[in-house]
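Working notes, beginning with the structure itself.
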Amino acid sequence: MADDLVDFEGQKSVEHVLAGGDMQRVGWFRFYFADERWEWSPQVQSMHGYEPGTVEPTTDLVLSHKHPDDYGQVAATLEEIKLTAGAFSTRHRIIDTHGETHHVVVVGDKIFNDAGDVIGTHGFYVDVTPAMAERQNKMVTAAVAEIAEARGLIEQAKGMLMLIYRINAESAFELLKWRSQETNTKLRLLAEQIVKDFLELTYEEELPPRSTYDRLLLTAHYRVQS
């Protein structure tokens, strides 16, 4: 039960890392052949260094952001798309308005009108810049480390409650969870405070009376908040 809850909270932490700011790494585009009209999602605008809603992309603008070494490849791909109206995928580099280079994967497919004619292409950009991937990996590693630390603290608190109250692991966790819910205190923080309080007790050979632990257990959330 404890592991299930910690894993659930940990999953949310990792999902937050993956889906928070990194949502800027994926976005959609549309390109209409007749008037060469482009549409970029806010994420694709951000990849190119623009504040969302501040730019209307054109073919010239799209190509101007391509890395000089990749410009020819992308321009040729674009011409081929207009001639064949086929699906495509490409990996190349773009340079944003701040001079930063992004490695992107672009995948596109046909846009049809109501008559079934191909009128353009649409798809998505994925920013796969190595530096961004490395930063994400570091963030995930930190989140996983935090999950492991939380599990360790909860296990310590459970062990102490099992000893003091002579209960099994499941009952110890239920006790911790109850105090967490009753006091609206995060389980990890409450467990950390209980472990700290119990370890700071001074005694000789015999443990303090159970009433001492009762008081610490029932008031731990006050010290977390402070």
Side-chain angles (χ1 to χ4, degrees), residues 7-144 146-147:
D7 288 340
F8 175 70
E9 293 178 344
Q11 179 183 357
K12 292 194 295 182
S13 298
V14 174
E15 287 177 352
H16 177 73
V17 171
L18 293 174
D22 289 335
M23 285 301 291
Q24 299 302 318
R25 298 181 64 188
V26 182
W28 56 263
F29 74 93
R30 299 188 188 99
F31 175 52
Y32 298 92
F33 298 147
D35 55 359
E36 294 205 359
R37 178 168 54 90
W38 290 83
E39 295 176 359
W40 278 351
S41 72
Q43 293 84 359
V44 174
Q45 293 181 50
S46 295
M47 284 180 202
H48 288 78
Y50 299 101
E51 288 293 326
T54 63
V55 64
E56 293 185 6
T58 63
T59 299
D60 287 341
L61 181 69
V62 169
L63 290 175
S64 73
H65 280 281
K66 304 308 177 185
H67 190 282
D69 292 341
D70 298 338
Y71 181 94
Q73 166 210 335
V74 177
T77 300
L78 185 57
E79 287 301 317
E80 182 180 356
I81 294 166
K82 290 191 289 185
L83 289 174
T84 64
F88 74 96
S89 65
T90 179
R91 178 171 181 149
H92 60 272
R93 290 161 291 179
I94 62 175
I95 301 175
D96 66 22
T97 59
H98 309 294
E100 298 290 332
T101 299
H102 299 253
H103 296 247
V104 297
V105 171
V106 183
V107 178
D109 202 356
K110 304 171 185 178
I111 297 177
F112 297 91
N113 62 14
D114 293 339
D117 300 318
V118 179
I119 60 172
T121 183
H122 68 138
F124 55 88
Y125 278 68
V126 182
D127 192 330
V128 293
T129 306
M132 294 186 67
E134 181 180 353
R135 182 166 65 250
Q136 183 185 44
N137 288 338
K138 288 181 179 178
M139 293 172 68
V140 171
T141 299
V144 171
E146 183 178 351
I147 296 164

Legend entry - ring pair (Phe, Tyr, Trp, His ring centres under 6.0 Å) involving F33 - partner list, sequence neighbours excluded: F31
Legend entry - Note, T121 side chain near K82 side chain (heavy atom, < 4.5 Å): no
Inset, instruction - Considering non-hydrogen atoms only, spot the tightest contact between L61 and P57 and give its length. - result: CD2-CA, 3.7 Å
Inset, instruction - Look up atom CD in E39 and atom OH in Y32, then write down how far apart they are to the nearest 0.5 Å. - result: 4.5 Å
Legend entry - Neighbour count above 12 (heavy atom, 6.0 Å) for Q73 CD: yes
Legend entry - Note, V44 side chain near W38 side chain (heavy atom, < 4.5 Å): no
Inset, instruction - State the CD-OG1 distance between E79 and T84, to the nearest 0.5 angstrom. - result: 11.0 Å
Inset, instruction - Starting at CG of D109, measure out to CD1 of I111 and round the result to the nearest 0.5 Å. - result: 9.5 Å
Inset, instruction - Measure the spacing between CD of Q45 and CZ of F29 and express it to the nearest 0.5 Å. - result: 14.5 Å
Legend entry - Heavy-atom donor-acceptor pair, H48 side chain to Y50 backbone, under 3.5 Å: no
Legend entry - Heavy-atom side-chain proximity of F112 to V118 below 4.5 angstrom: yes
Inset, instruction - Could you tell me which non-hydrogen atom of G49 sits nearest to which non-hydrogen atom of D96, and how far apart they are? - result: N-CB, 3.7 Å
Legend entry - Test side chain to side chain contact (heavy atoms under 4.5 Å, CB included) applied to H103 and D70, I94, V126, V128, the passing residue: V128
Inset, instruction - For E36 and T58, indicate whether the former's side chain and the latter's backbone hold a donor-acceptor pair under 3.5 Å. - result: no
Inset, instruction - Determine whether more than 12 heavy atoms belonging to other residues, nucleotides or ligands lie under 6.0 Å from atom CD of E80. - result: no
Inset, instruction - With rounding to the nearest 0.5 Å, note down the distance linking NZ in K66 to OG1 in T90. - result: 8.0 Å
Inset, instruction - Determine whether the aromatic ring centres of H102 and Y125 lie less than 6.0 Å apart. - result: no
Inset, instruction - Over all heavy atoms of both residues, which pair between I95 and P68 is shortest? Give the atoms and the distance, please. - result: CD1-CD, 4.0 Å
Legend entry - side chain to side chain donor-acceptor pair (under 3.5 Å) partners of S41, counting only residues at least two apart: Q43
Legend entry - Where at least one partner belongs to residues 78-99, residue pairs that pass ring pair (Phe, Tyr, Trp, His ring centres under 6.0 Å), sequence neighbours excluded: none
Inset, instruction - Answer yes or no: is there a side-chain heavy-atom contact under 4.5 Å between E100 and T129? - result: no
